[in-house]
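Down below is the structure, laid out as structure tokens.
Computed over heavy atoms, backbone and side chain alike; hydrogens, waters and symmetry mates excluded.
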Amino acid sequence: MTPRPSSSGPDPKKTAEEKSAAQQAAPPRKAVAKGTTPKKATAEKAIAKKAAAKKTTATKATAKKTTARKAAGQQPAAKRTAAGKAAGGTGGKRGERGVAKKAPAEGRAARKSAKEAVPAEVAVSPLLDAADRERLLAGTHHDPHCVLGAHRVPGGVAFRVFRPYARAVTVLSGELRAGLHDDGDGFFSGLLPLGEVPAYRLLVRYGDTDQEVEDPYRFLPTLGDLDLHLIGEGRHEQLWQALGAHPATHEGVAGTRFTVWAPNARGVRVAGGFNFWDGTGHPMRSLGGTGVWELFLPGIGAGELYKFEITRPDGSRTFRADPMARRTEVPPATSSVVHVSDYTWGDDAWLARRAQAPAHEAPMSVYELHLPSWRPGLTYRELAEQLPAYVADLGFTHVELMPVAEHPFGGSWGYQVTGFYAPTARLGDPDDFRYLVDRLHQAGIGVLMDWVPAHFPRDDWALAEFDGRPLYEHSDPLRAAHPDWGTLEFDFGRREVRNFLVANAVYWCEEFHIDGLRVDAVASMLYLDYSREPGQWTPNEHGGRENLDAVAFLQEMNATVYRRVPGVVTVAEESTAWDGVTRATHHEGPSGFGGLGFGLKWNMGWMHDSLEYMSHEPVHRKYHHGELTFSMVYAYSENYVLPISHDEVVHGKKSLVSKMPGDWWQQRASERAYLGYMWAHPGKQLLFMGQEFAQGAEWSEARGPDWWLLDPRYGAAADHRGVLDLVRDLNTVYRATPALWQRDTHPSGFAWVVGDAAEDNVLAFLRLDADGTPLLAVSNFAPVVRPEYRLGVPDDVPAWHEVLNTDAARYGGGDVGNPDPVKPEPQGWHGRPASIRLTLPPLATVWLRPA
């Protein structure tokens, strides 16, 4: 093994190796324990000298006996316990996926030494610098590897080991067996007359148990210069591969590499089940000026629990979950879990075709759901047996999962994240989540996921003041505190924080094959004065209210995701009229900003206006007709999704069907008519779970959808199944009709037939595909039949055929409609050369296509 070059620590004092040259002239001495008087030290030196003489005699005798045994073909057996046979374990729970059992040549040679080792006389090692010793005990050492482990010094190789609670430590190397001197406080040392640092292991005695282990402080750093450079620049697009806990084989030894970014920490140690949650003996080293701390722990495998013990600038300590942990304990437990994936994907066909057309030019109807409450009690794998079949049967193209990343409080629905890189452990492990995504893909269903980069909770074991000072949050308390949710906002101007979030977006798409990210609370990121009063915010450098750091972050995130992962889509939940949410980042708009670069944006204006219109009694709707037509004024300013989301069916807002006025029949008819209008309107559709079968109650994360409403034994089940059947047919016709989705973002895909029939509560328009083939959508939001209702149409369509009628009997309607093809008449109407006369059902929407 090549000797490790000494690395410079933060302390300007000389290291023990440097001091040893000056100490050669003096006889070696044992470290004096703190608080020992000179007189006592002299006495202890005499005792030590006498003990050393006795030990030398005993060692020679043992060597003589060993030689005799060898001549007779015998070998002395080393005392071992089952714990000692574990691969470097120091107690605690072993992982469910162990490290590699096959030992490298060096390891085998060292283990062989336990049987064949020859006891060697060990000289007292040069003193460990008092400052180094104090910092190691206090958990504030930046470079423990420079003083611990094995190092060449004048006179041989110095071995220093820090093993709190150990009774004895022995170095094993080949046939060498050398007991180290006990220097007190868990420190052991010795000087062996060797020319090079050998391959070695340690035999550590705890109580009456011996454990043969690797020395973590004999290994070179596990991160290379390129990783550290990219981290320092904030440009490591696969940050999760560099930071966190990673089982690996390093220098021929199996273990786990621990790395964490904590630039303000005075020291960092690893604590976990493997060291009984006492990190004293496992200090990490700081790698240059990057703020990254690192330690390779041999013998630690997947499944181990861990946290980082951080010494803050003020000297206090805090235990923190790993910000990059890829797996966590099940809440309310908060430890991170060492994880390695062994999942084999089966969705190659899906990934190959998903990039064939951009999302805004393809059919997209989204079923939004909250995984823990969709079928309460089911795991990821159990959901994978039910969810794909249900969604595929209804014809949705995508599901949108409310936040999956780990969060401590279930009542937040996942929107207050503490584990940004870990799927919630409530439903299974990360590979179980991969299995769910895989099964959805194999069923032909895309997976969107809510992603929350706007803020994070203040839990004292998570990100808040992670290393004792504001790190992930802004250093200005006014900028850091989110006024609405009692959380903290990310510091988007800090390059390492921006890197943490950009890499996280890439992580979900690359590691879990997520097809799109719906970014939550974008408006709260974009405005410095969001929910703040005058005096509670500071203008940007141009005197404006725009958060320029957040703009730059969103642009970088979108550009990176689209570049790295073909076929994905990003969706902004942005509730204001910010210019250019879905414009390319390099295209500057009237405001002077480049676009944010999202693929789609939630149309919150359409959602608010249309639901407001539907909540009015039909007799009053004529006074609010503009609430339905206004959306077309700005329909092509962005690429839109029409969302009826979870936010609209909680907190006293009522479920979708319950928002409708009138009796039960009118409420269901109004919901059906509204869904027909929604699916025909330009934009993609999103419907939250439970609304597809007209659930009457608001959603509750503790209860989930009222599936019993579909039970045939329930008297009104047919009413709810009728709405479910309509949603299925809406999706079926929608996907088969390019006019409804091909030109969603282009004015040529839409034309009004009549938009001002307020007195009739009627709305009619044409949707057209790239070839000009039309679909006619007509909505009658009055509770009366309108026979022979004349509408202007193009004169090049010989006949129109009704392809969907929300009043059909099978949906629970009155079955009023147009069963036969309707032929145009040469009478001009609504500015068109021809017209047709239709029977419009009450509270219904009908779709007609060329026959």
message = Let's go through Val571 and Val519 carefully: what are the C-alpha distance in whole Å and the side-chain angles of both, what is the deciding distance for side chain to side chain contact (heavy atoms under 4.5 Å, CB included) to 0.1 Å, and is it a yes or a no?
response = CA-CA 6 Å; Val571 186; Val519 183; over 6 Å; no
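- To the nearest 0.5 Å, atom CG of residue Leu675 and atom CG of residue Leu804 are 10.5 Å apart.
- Here salt bridge (Lys or Arg N to Asp or Glu O under 4.0 Å) pairs that include residues 568-597, with residues two or more places apart or in two chains, are Arg518-Glu573, Glu574-Lys601, Asp579-Arg583.
- To the nearest 0.5 Å, atoms CH2 (Trp578) and CE (Met525) are separated by 11.0 Å.
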task = Go through the steps for His474 and Trp537 under the test ring-ring contact (aromatic ring centres under 6.0 Å, His included), then give the verdict.
result = CA-CA 13 Å; His474 203 282; Trp537 64 281; over 10 Å; no
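- In this structure, the separation between CH2 on Trp350 and NE2 on His441 is 5.5 Å, given to the nearest 0.5 Å.
- Across all their heavy atoms, Arg354 and Pro566 have their closest contact at NE-O, 3.3 Å.
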Mind listing the side-chain donor-acceptor pairs of residues 758-765 below 3.5 Å, one per line with the distance, residues two or more places apart or on another chain?
unit_1 : atom_1 : unit_2 : atom_2 : d
Asp760 : OD2    : Tyr789 : OH     : 2.7
Asn761 : ND2    : Pro618 : O      : 3.0

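- Under the ring pair (Phe, Tyr, Trp, His ring centres under 6.0 Å) criterion, Trp699 pairs with His370, Trp413, Phe688, not counting sequence neighbours.
- At a cut-off of 3.5 Å, with distance as the only test, no side-chain donor of Glu406 or Thr418 sits close to an acceptor on the other residue.
- A donor-acceptor contact shorter than 3.5 Å is absent between the side chain of His542 and the backbone of Gly544.
- Taking 4.5 Å as the limit, every side-chain heavy atom of Met607 sits out of range of all side-chain heavy atoms of Leu642.
- Asp769 and Trp741 are not linked by any side-chain donor-acceptor pair at a separation below 3.5 angstrom, with hydrogens and angles left out of the test.
- Taking each heavy atom of Ala480 and Glu473 in turn, the nearest pair found is CB-CB, 4.2 Å.
- A distance-only check finds no donor-acceptor pair linking the side chain of Tyr367 to the backbone of Leu686 [under 3.5 Å].
- Side-chain atoms of Glu510 and Arg564, non-hydrogen and from C-beta on, do get closer than 4.5 Å to each other.
- Listed here is the closest heavy atom pair of Met614 and Pro661: O-CD, 3.1 Å.
- Between the side chain of Glu368 and the backbone N or O of Leu687 there is no donor-acceptor pair closer than 3.5 Å.
- Of the N and O atoms on the side chains of Ser631 and His681, at least one donor lies less than 3.5 Å from an acceptor on the other residue.
- Side-chain contact between Pro403 and Met449: absent, with no pair of heavy atoms (C-beta onward) separated by less than 4.5 Å.
- Put simply, the side chain of Asp459 never gets that close to the backbone of Ala462: no donor and acceptor are under 3.5 Å apart.
- Screening residues 649-675 for salt bridge (Lys or Arg N to Asp or Glu O under 4.0 Å), with sequence neighbours left out, gives Arg668-Asp719.
- Taking CD of Gln742 as the start and NE2 of His746 as the end, the distance is 12.0 Å to the nearest 0.5 Å.
- At a cut-off of 3.5 Å, with distance as the only test, a side-chain donor of Glu638 or Thr582 sits close to an acceptor on the other residue.
- For the pair Ser412 (side chain) and Phe409 (backbone), a donor-acceptor distance under 3.5 Å is present.
- A 6.0 Å sphere centred on CZ of Phe630 holds no more than 12 heavy atoms belonging to other residues, nucleotides or ligands.
- Residues Val569 and Leu448 form a side-chain contact, since some pair of their non-hydrogen atoms from C-beta on lies under 4.5 Å apart.
- At distances below 3.5 Å, at least one donor-acceptor pair connects side-chain atoms of Asn780 with backbone N or O atoms of Pro841.
- No side-chain donor-acceptor contact under 3.5 Å links Asp609 to the backbone of Leu628.
- To the nearest 0.5 Å, atoms CG (Asn603) and CG (Asn639) are separated by 11.5 Å.
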request  = Test side chain to side chain donor-acceptor pair (under 3.5 Å) on Thr745 and Tyr636 and set out the steps.
outcome  = CA-CA 6 Å; Thr745 61; Tyr636 303 107; over 6 Å; no
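- Side-chain N or O atoms of Trp707 include one that pairs as donor or acceptor with a backbone N or O of Trp374 at under 3.5 Å.
- Aromatic ring centres of Trp602 and His608 lie farther apart than the 6.0 Å criterion allows.
- Ring to ring, Trp752 and Phe750 are close: their centroids are under 6.0 angstrom apart.
- A distance of 7.0 Å separates CZ in Phe492 from CG in Leu554, rounded to the nearest 0.5 Å.
- Taking 4.0 Å as the cut-off between side-chain N and carboxylate O, Arg728 and Asp725 count as a salt-bridged pair.
- No hydrogens or angles considered: a donor-acceptor pair under 3.5 Å links the side chains of Glu692 and Tyr390.
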ask   = Where do Phe781 and Tyr613 land on the ring-ring contact (aromatic ring centres under 6.0 Å, His included) test, with the steps shown first?
value = CA-CA 10 Å; Phe781 291 114; Tyr613 174 86; 5.7 Å; yes
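- At a threshold of 4.5 Å between non-hydrogen side-chain atoms, the residues Gln695 and Val657 do not count as touching.
- Minimum heavy-atom separation, Arg767 to Ala739: CB-O, 3.3 Å.
- No side-chain donor-acceptor contact under 3.5 Å links Tyr530 and Asn547.
- In plain terms, the two heavy atoms of Val452 and Gly414 that are nearest each other are CG2-O, 4.3 Å.
- Side chains of Thr576 and Tyr527: a donor-acceptor N/O pair is present below 3.5 angstrom, by distance only.
- Salt-bridge formation is detected for the pair Lys684/Asp744: a Lys NZ or Arg NE/NH1/NH2 atom is positioned less than 4.0 Å from an Asp or Glu carboxylate oxygen.
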Can you give each donor-acceptor pair under 3.5 Å made by side-chain atoms of residues 592-600, sequence neighbours left out, with the distance rounded to 0.1 Å?
none

task = Decide yes or no on side chain to side chain donor-acceptor pair (under 3.5 Å) for Trp679 and Asn731, but give the supporting numbers first.
result = CA-CA 8 Å; Trp679 253 252; Asn731 280 323; 3.0 Å; yes
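- Side chain of Asn540 to backbone of Glu546: a donor-acceptor contact under 3.5 angstrom is found.
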Under 3.5 Å, sequence neighbours excluded: what are the donor-acceptor pairs made by side chains of residues 394-401?
unit_1 : atom_1 : unit_2 : atom_2 : d
Thr397 : OG1    : Ser365 : N      : 2.9
Thr397 : OG1    : Ser365 : O      : 3.2

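- In this structure, Phe456 has its ring center no closer than 6.0 Å to that of His407.
- Looking at Tyr811 and Asp729, their side chains do bring a donor and an acceptor atom within 3.5 Å of each other.
- Annotation: Phe512 is in aromatic contact with Tyr507 [ring centroid separation under 6.0 Å].
- Trp508 and Phe420 get closest at one heavy-atom pair: NE1-O, 3.1 Å.
- A side-chain donor-acceptor contact under 3.5 Å links Tyr421 to the backbone of Asn504.
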